[in-house]
Novice: 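Below: one structure in structure tokens.
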Amino acid sequence: MKGILLDAEYIDEKAEMKLWLKSDDRVFSISDKDVFCSFFVEGEDLDKLVKVIEKIEIKENGRIVRPKSVRKVEMKKLGRRLEVIEVIPELPKDVQTLRRQIRDLPGVKQIYNYDIPVAKYYLISKNLVPMDGVEEAETKSLRRVQMPIPKLRALSFDIEVYNPTGSPRPERDPIMMVGLAGDDGFRKIITWRNFPTKLDFVEIVGSEREMIERFVEIVKESDVDVLFGYNTDFFDFPYLKERAKLLKVKLSFGRDGSEVVARRRKFATATRVRGRIHIDVFAIIDFLATIGTIKLIHYTLEDVYRYLLGKEKPDFEFTKFVDAWEKGGEEWEKLLMYNLSDAVATLELGQELLPLFLELSKIIGQTPFDVVRMTPGQIVEWLLIAEGYRKGELIPARPVAETYEERMEETYAGAYVMEPIKGLHENLVVFDFRSLYPSIIVTHNIDPSTINCDCCQEDGEKVPDLPYYICKRKRGFLPEVVEKILNARFETKKKLKELKRDSYEYKQLNAKQWALKIIANSFYGMLGYPKARWYSKECAESITSFGRHYIKKTIKMAEEFGLKVVYSDTDSLHCLLGNKTKEDALKFLDEVNSKLPGIIELELEGFYPRAIYVTKKRYAMIDEDGRITVKGLEFVRRDWAAIAKYTQEEVLKALLKDGSKEKAARIINEIVERIRKGDVKLEDLIIYTQLKMPIENYKSVGPHVVAAKRLREAGREVEPGMIIAYVQTRGRGSISERAYPVELLGDRSYDPEYYINHQVLPAVMRIMEVLGYSERELTSKTVEKPKGLDFFLA
DNA sequence: AAATGACGGGG
DNA sequence: GTGTACGTCATTT
């Protein structure tokens, strides 16, 4: 029996591993009772310690916990040989029990490898790798075999929920519909509302309960490997779970008929579907935003779909759901279309991005389910854990709270960030030094064990501007791993050159080289992250020090070449092309790369017709396809009026698409005028803020709390979780005192000055200020007036 | 100036 | 990850 390993899970009750494999014609599971685990003890007088540990017996739940095996072994601690005690427990759950007992024994210095979840330790110790082959031998033992990543069958889903209070309450508000889209072209909406519709993909059932049952049935029948959703960890699955519980339906989406398993993780709940891979595409998007691959104002499905795939999908305001559900008609039809378009967009995005994560999964040896939910630092850490295990390295524990807090206190000089030449610029080229940090790690042998080593006090390599030297005699564990990753990427890119761009193989190899690049680039972040196992402030600050050295050198070279540098941050140069051509820019690239040492390499990030720089870390650019990316300016959120969001977007478009600050100024001017004249739709002025707790619990009474109080006084039911929709009105008192819920607005008029000064202007002034505009000019009439009149208008 | 509370993705 | 993000902003106190 042989297949690709899709998922691996430890089943606690049975104390066994369940592996899901996909062969050419089926998907099947294998259970493995042989779950290995171990941990290591560093200490003094090991022989004596071995004898003490051997005798440990702890009564726990009517059973005696004792080690199965205790022996001295030789391991490595950051490459240095070290004799330690290996403890192998009888059962995985005994690891913590034994470790707590051993921790306090006299002579014990450190314990290693004890805080690695069972399923992960299993894969690492057995050298079984997700997205690679697993073969079951005659003896029932499992081993890794090389197999290519197959095409996985995928289905995406999206639920729409009734939301009369703004935010839906799972205990009360039903799911209206479930939209589905399969990679085989399958399209369906299941709903239990019997409105007439011309859409042929709508299947009407009798109740919400039947709808969920049908959804489960379709997933089972379709027999998909991958289940996509957008923000499903945070919203759809937790909501479905509550509704299903209430309606007494089982969410048996599992390939073995099992119910979904929810696990708390970060701020959302990761939902595992046995035998399939549940991918929350938003988690992927969030990851790509974190590493800077995409920079957008908002990460809504609509925006991401447009940005990454260049396609449009219909939108549907969350405030209109109730009407559509209650009245049907045209709005209902629109809601159906919206629902399906969400499922389709999610599917397409998932298909586009999944290959990258499958490659990441294969490289670091953890399941795709886990990998899509990891931070870049965790990805590197798991790679190091696997590599370390193979090399007999002791795996350091995650830091305890105290250590973490100590590390948080430590600061060091970071990257070089140039103060931008502020304003609107045209015709730019951006170079990216992405592999700068990993290259530095390899080129300069940066590792916790090589900095200020015992052997090179005299002749170690000096770190610029720091009292550190680096070992020249011994290669560090980290540089070794990074080099392996960089070499693999180099080889992959070489193979890539021989392939046709749209071939399946090309896409897969391209995903692989991208995955390797992401991993390489994440080492530095990991070293500076206080919760990391291999945290090292000395390494992190040595890397940034070398980095500053190289980037400054490159800026100098650009200026000498005739490319004006307008901005630079860490590893990127934003230059004006000026009278240079794109070919010149490429020539410059070659010139720089020929002079840089070792594997350090500058890359072309792209050409940008326009960009606007506000301050360090705050800028917006438009690429040649008209896509706008924004960094550090994205602060207009739900609790801002639509008019502010709209103005910010229009201003950025006017500046970047049309290159006209006059147009941008005119837009602001017109909107300010319209606000003053009262020529604004009420819905553009509504501010939506969630009431997070009972009104009485608020220590600080903000506008939405006052508005909620007014609602309650008017006899409306007010409860935590509700979205309060309010308008700022004219009158006396603080901002809060003038907040009125939309429902009770009556003939009160909105406060134009609040909307101008607290909404529209803050959203655009940071940008407009650098273009030389003052608030005064933007809020006074554009039409020429006699000077004296301005006084009255201002 | 410090404390408090909300935002994100989803609906 | 038996670890419930996290960094930023507006408004109140």
Side-chain angles (χ1 to χ4, degrees), chain A residues 12 93 96 115-121 158-170 173-177 229-240 263-270 280-286 289-290 296-304 316-322 324-325 335 338-339 342 346 366 370 373-375 377-378 381-382 385 397-401 404 531-533 617 632-640 687-693 697-706 721 723-724 728 734-737 739 754 758-759 762-763:
Chain A
D12 210 19
K93 64 178 178 184
Q96 298 311 325
D115 61 347
I116 297 165
V118 182
K120 296 184 164 76
Y121 208 81
D158 177 45
I159 64 171
E160 307 303 339
V161 174
Y162 186 64
N163 62 350
T165 63
S167 63
R169 304 152 295 182
D173 303 324
I175 298 170
M176 301 186 286
M177 59 183 77
Y230 200 77
N231 210 18
T232 33
D233 271 352
F234 184 75
F235 184 75
D236 300 58
F237 262 125
Y239 207 94
L240 260 168
R263 216 171 64 221
R264 285 290 209 179
R265 197 186 268 230
K266 273 200 206 163
F267 62 101
T269 308
D280 182 346
V281 176
F282 176 66
I284 292 182
I285 298 300
D286 198 38
T290 309
L296 298 176
I297 303 177
H298 298 288
Y299 294 92
T300 61
L301 181 54
E302 188 188 354
D303 287 344
V304 171
F316 197 90
E317 284 277 322
F318 77 95
T319 47
K320 292 183 181 157
F321 278 59
V322 172
W325 179 249
L335 180 57
Y338 165 75
N339 180 227
D342 270 7
T346 302
Q366 294 301 330
D370 285 318
R373 292 167 176 83
M374 284 179 188
T375 62
Q378 285 171 316
E381 206 165 81
W382 282 110
I385 291 170
R398 289 189 354 248
V400 294
Y404 168 65
K531 285 182 182 173
R533 293 170 191 265
K617 310 267 184 199
L633 296 164
E634 54 280 78
F635 69 107
V636 175
R637 317 172 302 186
R638 178 174 71 192
D639 53 350
W640 284 66
I687 298 164
Y688 296 95
T689 309
Q690 190 176 33
L691 193 72
K692 293 276 217 186
M693 44 187 168
N697 293 14
Y698 280 89
K699 288 183 186 168
S700 167
V701 184
H704 71 300
V705 184
V706 172
I723 305 279
I724 309 295
Q728 284 300 138
S734 66
I735 290 171
S736 291
E737 285 168 81
Y754 174 83
H758 291 255
Q759 295 279 327

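Below, chain A is the first sequence line, B the second, and so on; all start at residue 1. We use all heavy atoms of the structure for the numbers below, so side chains are in, but hydrogens, waters and symmetry mates are not.
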Novice: Would the base of dG3(C) count as contacting R264(A) through its side chain, where contact means a donor and an acceptor less than 3.5 Å apart?
Specialist: no
Novice: Expressed as a whole number of Å, how far does the P atom of dG3(C) sit from that of dG8(B)?
Specialist: 28 Å
Novice: Can you tell me how far C1' of dT12(C) sits from NZ of K699(A), to the nearest Å?
Specialist: 13 Å
Novice: Which part of the nucleic acid, if any, lies within reach of E381(A) when heavy atoms closer than 4.0 Å are counted: base, sugar-phosphate only, or nothing?
Specialist: base
Novice: Q96(A) CD to dG1(C) P: how many Å, rounded?
Specialist: 14 Å
Novice: How would you label the contact of T232(A) with the nucleic acid (heavy atoms, under 4.0 Å): base, sugar-phosphate, or nothing?
Specialist: nothing
Novice: At under 4.0 Å between heavy atoms, what does R169(A) touch on the DNA or RNA strands: base, sugar-phosphate, or nothing?
Specialist: nothing
Novice: Could you state the CD-C1' distance from Q378(A) to dG3(C), rounded to the nearest angstrom?
Specialist: 10 Å
Novice: Could you give the distance separating dG1(C) and dA5(C) at their P atoms, to the nearest angstrom?
Specialist: 13 Å
Novice: Check step by step if side-chain hydrogen bond (donor to acceptor under 3.5 Å, both in side chains) holds for D158(A) and N339(A).
Specialist: CA-CA 7 Å; D158(A) 177 45; N339(A) 180 227; 3.3 Å; yes
Novice: Please give the distance between the C1' atoms of dC6(C) and dG9(B) as a whole number of Å.
Specialist: 15 Å
Novice: Could you tell me the separation between the CZ atom of R265(A) and the C1' atom of dT2(C), rounded to a whole number of Å?
Specialist: 13 Å
Novice: Treating primed atoms plus P, OP1 and OP2 as sugar-phosphate and everything else as base, which nucleotides of nucleotides 6-11 of chain B get B, S or - for protein heavy atoms under 4.0 Å?
Specialist: BBSBBB
Novice: Provide, to the nearest angstrom, the distance between the CD atom belonging to Q728(A) and the P atom belonging to dA10(C).
Specialist: 14 Å
Novice: Can you list everything that forms a side chain to side chain contact (heavy atoms under 4.5 Å, CB included) with A270(A)? Sequence neighbours excluded, please.
Specialist: D233(A), R265(A), F369(A), R373(A)
Novice: Hey, does the side chain of Q759(A) reach the backbone of W640(A) with a donor-acceptor pair shorter than 3.5 angstrom?
Specialist: no
Novice: Looking at S736(A), does any N or O in its side chain come under 4.0 Å of the phosphate oxygens OP1/OP2 on dT12(C)?
Specialist: yes
Novice: Could you check whether any side-chain N or O of Q690(A) sits under 3.5 Å from a backbone N or O of I723(A), counting only pairs where one atom can act as donor and the other as acceptor?
Specialist: no
Novice: Tell me: CD1 of I687(A) to P of dC9(C), nearest whole Å?
Specialist: 18 Å
Novice: F267(A): which residues meet the side chain to side chain contact (heavy atoms under 4.5 Å, CB included) condition with it, sequence neighbours left out?
Specialist: F234(A)
Novice: Between P on dG1(C) and OH on Y121(A), what's the gap in Å once rounded to a whole number?
Specialist: 19 Å
Novice: Measure up the F316(A) and F321(A) rings against each other and bin them: parallel (under 30°), tilted (30 to 60°), perpendicular (over 60°).
Specialist: perpendicular
Novice: Answer yes or no: is there a donor N or O on one side and an acceptor on the other, between the side chain of D115(A) and the main chain of A397(A), under 3.5 Å?
Specialist: no
